[in-house]
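Chain A is the first sequence line, chain B the second, and so forth, proteins listed ahead of strands; every chain is numbered from 1.
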2 protein chains.
Amino acid sequence: MEKDHVDRILAQWRTERPDLDVEPMGLLGRLARLATYLGREVEKTFLELGLTSASFDVLAALRRSGAPYRLSPGDLLATMMITSGTMTNRVDQLEKAGLVARLTNPEDRRSVLIALKPEGFDLVERAVTAHVANQHRLTAFLDLDERAALDAILRKYLLAFE
Amino acid sequence: MEKDHVDRILAQWRTERPDLDVEPMGLLGRLARLATYLGREVEKTFLELGLTSASFDVLAALRRSGAPYRLSPGDLLATMMITSGTMTNRVDQLEKAGLVARLTNPEDRRSVLIALKPEGFDLVERAVTAHVANQHRLTAFLDLDERAALDAILRKYLLAFE
DNA sequence: TTGAAGTATCTCGATTTCAAGATAATATCA
DNA sequence: TGATATTATCTTGAAATCGAGATACTTCAA
């Protein structure tokens with residue numbers, strides 16, 4: 001088995017701290033590093049369209065919610081692992097860019113509806129097409145059976161947290 | 001198979017954009033979410049010791065490098081996925097906290113040696129012990145064979161990027 | 001009806017990170 | 001030797017995020 005960056009870290013710990021069983025550090029370290037690499041690759045695709053992963057996430061949540069492409073900040077928050085202050089900032093940016101609009105919610109005036117504007121719709125249509133193509137490229141490093149096995153294990157693991 | 005958060009996203013896309021094959025989004029979405037959850041759990045352990053993952057990473061790299069526990073910023077950078085400006089900031093914080101010291105490198109005056117002080121050594125000893133125990137807890141959500149399979153696939157996947 | 005509790009969003013200040021470029025020292029080689 | 005390229009670190013300004021708390025509206029119950 002070819003040694004990777006994480007193997008070298010584990011070997012150092014085993015020399016310096018032989019009292020510790022550092023096995024789990026291998027799995028968790030690889031997961032973290034891989035997520036970072038993949039995240040950067042994903043980001044590149046959005047950058048070409050003038051978006052970021054953060055802004056895409058918001059536009060995508062609106063788009064896939066279906067017509068009339070309107071959700072409250074709270075609805076949007078529920079699908080993302082960010083705070084309400086971060087969502088306010090993201091919507092501010094998208095509003096400034098003319099991609100979404102804040103509408104008053106007639107049914108609850110504490111609330112607000114974030115509406116995808118036609119410009120935002122068109123952009124996210126192109127972005128998601130490019131993004132999915134990029135995701136195909138990024139998962140092609142694994143064979144079909146490896147992807148299936150990985151996905152099944154990740155699903156189980158994720159269930160421990162959600 | 002129990003439905004998770006990512007399944008709901010995929011179902012929405014399949015309705016709204018049936019032209020797209022969104023399979024890879026499941027795997028990549030789960031990986032990203034899981035990495036975020038795990039990262040937050042890891043962070044908690046460090047917080048109890050007055051550290052962050054960021055500061056621990058630097059102290060840990062120095063500790064596991066072995067005596068005399070000195071590395072240049074460049075050496076440290078090589079093991080972490082951050083920029084040089086970020087490293088300068090991290091070392092500044094650790095220096096201010098009295099955990100490391102910047103020494104001039106007699107062999108190359110462009111360079112600097114970051115030295116682990118006794119206070120930093122003691123702290124990182126306690127931190128890595130707690131961190132590894134926490135990592136055992138966090139990997140125990142999977143069975144032994146699942147951990148082995150996951151680690152093997154992650155290793156292969158990571159090799160595509162390093 | 002009214003006061004208290006709950007909910008939805010936004011504000012504020014601090015922190016972390018990055019990209020680009022500045023600074024200073026060393027290496028290369030004509 | 002001297003000019004140029006390379007290397008190592010730091011500086012700067014901008015951006016994203018967070019936690020805590022403020023604000024405004026709604027719900028509930030007496």
Side-chain angles (χ1 to χ4, degrees), chain A residues 32-33 35-37 39-44 46-48 50-59 61-62 70-97 100-115, chain B residues 32-33 35-37 39-44 46-48 50-59 61-62 70-97 100-115:
Chain A
R33 286 183 79 87
T36 302
Y37 282 119
R40 288 178 183 176
E41 288 298 317
V42 165
E43 194 79 37
K44 286 181 195 168
F46 295 133
L47 234 46
E48 289 170 12
L51 289 171
T52 62
S53 292
S55 57
F56 173 80
D57 282 351
V58 175
L59 296 178
L62 291 168
R70 294 177 184 182
L71 293 172
S72 70
D75 295 335
L76 289 167
L77 264 184
T79 76
M80 295 167 214
M81 304 178 70
I82 59 172
T83 64
S84 63
T86 300
M87 181 58 74
T88 297
N89 183 52
R90 288 190 184 181
V91 173
D92 285 348
Q93 304 306 315
L94 291 170
E95 198 176 27
K96 203 174 300 176
V100 306
R102 276 189 173 90
L103 310 180
T104 61
N105 183 345
E107 294 175 4
D108 184 343
R109 285 192 303 171
R110 288 172 302 185
S111 183
V112 152
L113 287 177
I114 313 303
Chain B
R33 286 183 79 87
T36 302
Y37 282 118
R40 288 179 183 176
E41 289 297 317
V42 165
E43 194 80 36
K44 286 181 194 168
F46 295 133
L47 234 46
E48 291 172 8
L51 289 171
T52 62
S53 291
S55 56
F56 173 80
D57 282 351
V58 176
L59 296 178
L62 291 169
R70 294 177 183 182
L71 292 172
S72 70
D75 294 334
L76 289 167
L77 263 183
T79 76
M80 295 168 215
M81 303 178 70
I82 58 171
T83 64
S84 64
T86 299
M87 181 59 74
T88 297
N89 182 52
R90 288 189 184 182
V91 173
D92 285 347
Q93 305 306 315
L94 291 170
E95 199 176 27
K96 201 173 302 177
V100 306
R102 276 189 174 89
L103 310 179
T104 60
N105 182 346
E107 294 176 3
D108 185 341
R109 287 191 302 171
R110 286 171 303 185
S111 183
V112 153
L113 287 177
I114 312 302

From D:dA8, C:dT9, D:dC18, pick the nucleotide closest to the side chain of B:Ser111?
D:dA8
Proximal nucleotide (of D:dT9, C:dT26, C:dC10) relative to the B:Arg109 side chain
C:dT26
So what does A:Thr52 touch, heavy atoms closer than 4.0 Å: a base, only the sugar-phosphate, or nothing?
nothing
Of the candidates C:dT26, D:dC18, D:dT17, the side chain of B:Asp108 sits closest to C:dT26
Does any donor-acceptor pair link the side chain of B:Arg110 with the base of D:dT7 at a separation under 3.5 Å?
yes
The nucleotide from D:dT9, D:dC18, C:dC10 with an atom nearest the side chain of A:Arg102 is C:dC10
What's the CZ-C1' distance between B:Arg90 and C:dT17, to the nearest Å?
9 Å
Look at the side-chain N and O atoms of B:Thr86 and state whether any lies under 4.0 Å from the OP1 or OP2 oxygen of C:dT17.
no
In whole Å, what is the span from the CD1 atom of B:Ile114 to the P atom of D:dA8?
14 Å
Would you indicate what A:Gly74 reaches in the nucleic acid, counting non-hydrogen atoms under 4.0 angstrom: base, sugar-phosphate, or nothing?
sugar-phosphate
Roughly how many Å is it from CD in B:Gln93 to C1' in C:dA14, rounded to a whole number?
12 Å
Whole angstrom value for the distance that separates P of C:dT7 from CG of A:Asp75
15 Å
Mark yes or no for a side-chain to base donor-acceptor pair under 3.5 Å between A:Ser84 and C:dC10, with no hydrogen or angle criteria applied.
yes
Distance from B:Arg102 atom CZ to B:Glu95 atom CD, nearest 0.5 Å?
4.5 Å
Could you state the CG-P distance from B:Asn89 to D:dT12, rounded to the nearest angstrom?
13 Å
Can B:Ser72 and B:Asp75 be counted as having a side-chain donor-acceptor contact under 3.5 angstrom?
yes
In whole Å, I'd like the distance from the CE atom of B:Met80 to the C1' atom of C:dT16.
15 Å
Let me spell it out: for each of A:Arg40 and A:Thr88, pick the nucleotide of DNA chain C with the closest heavy atom. Which residue's pick is nearer the 5' end?
A:Thr88
Output yes when B:Lys44 and B:Glu41 qualify as a salt bridge under the 4.0 Å nitrogen-oxygen rule, no when they do not.
yes
Any side-chain heavy atom of A:Thr86 within less than 4.5 Å of one from A:Met80?
no
note: B:Leu94, atom CG; C:dT16, atom P; distance rounded to Å ~ 10 Å
Separation of C:dT9 atom P from A:Glu107 atom CD, nearest Å, is 13 Å
Sort out for me which residue in B:Leu71, B:Leu76, B:Leu103, B:Leu94 forms a side-chain contact (heavy atoms from CB on, under 4.5 Å) with B:Ile114.
B:Leu76
